[in-house]
Amino acid sequence: MEQLTKKTTILFTPDLHRRLMRIAEQRHTSLGELVRSACEQEYGILSTEDRIRAAKRLAALGLPVGSPRSMKRQSVPKPEDLLP
């Protein structure tokens, strides 16, 4: 994990803070880690290591997929198929 070196102050309503703290406790993590994780998920900010792990998980699924060419043929309609 990258070293945390930047600090930001975020103000929450009491109700939102209470709900976020409850979620953090349920996940056995800190409020800060919960917010960082939410930001990464919402804005697609992933490290190279995260991307590699995700690609490896997808590759391990062993899904029945064809070649890129056949998948493109299946997903992109022919122009004549778009006409009424």
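Throughout, residue positions are numbered sequentially from 1 according to the sequence presented.
- In this structure, OG1 in Thr29 is found 12.0 Å from CD1 in Ile23, a value given to the nearest 0.5 Å.
- Thr13 meets the side chain to side chain contact (heavy atoms under 4.5 Å, CB included) test with Asp15, Leu16; sequence neighbours excluded.
- Looking at residues two or more places apart in sequence or on another chain, you find a side-chain hydrogen bond (donor to acceptor under 3.5 Å, both in side chains) between Arg53 and Asp50.
- Applying the side chain to side chain contact (heavy atoms under 4.5 Å, CB included) rule to Thr48 yields the partners Ile52; only residues at least two apart in sequence or on another chain are considered.
- With values rounded to the nearest 0.5 angstrom, Ser30 atom OG is found 8.5 Å from Met21 atom CE.
- Between Arg36 and Glu33 there is a salt bridge, since at least one side-chain N of the basic residue sits less than 4.0 Å from a carboxylate O of the acidic one.
- Shown here for Leu34 and Leu20, the closest heavy-atom pair between the two residues is CD2-O, 3.5 Å.
- Arg51 pairs by the side chain to side chain contact (heavy atoms under 4.5 Å, CB included) definition with Leu46, not counting sequence neighbours.
- Remark: Gln74 engages no residue in a side-chain hydrogen bond (donor to acceptor under 3.5 Å, both in side chains) (not counting sequence neighbours).
- Among residues two or more places apart in sequence or in another chain, the side-chain hydrogen bond (donor to acceptor under 3.5 Å, both in side chains) test is passed with Glu49 by Ser47.
- With hydrophobic clusters built from ILVMFWY side chains whose heavy atoms lie under 4.5 angstrom apart, Val35 does not share a cluster with Ile45.
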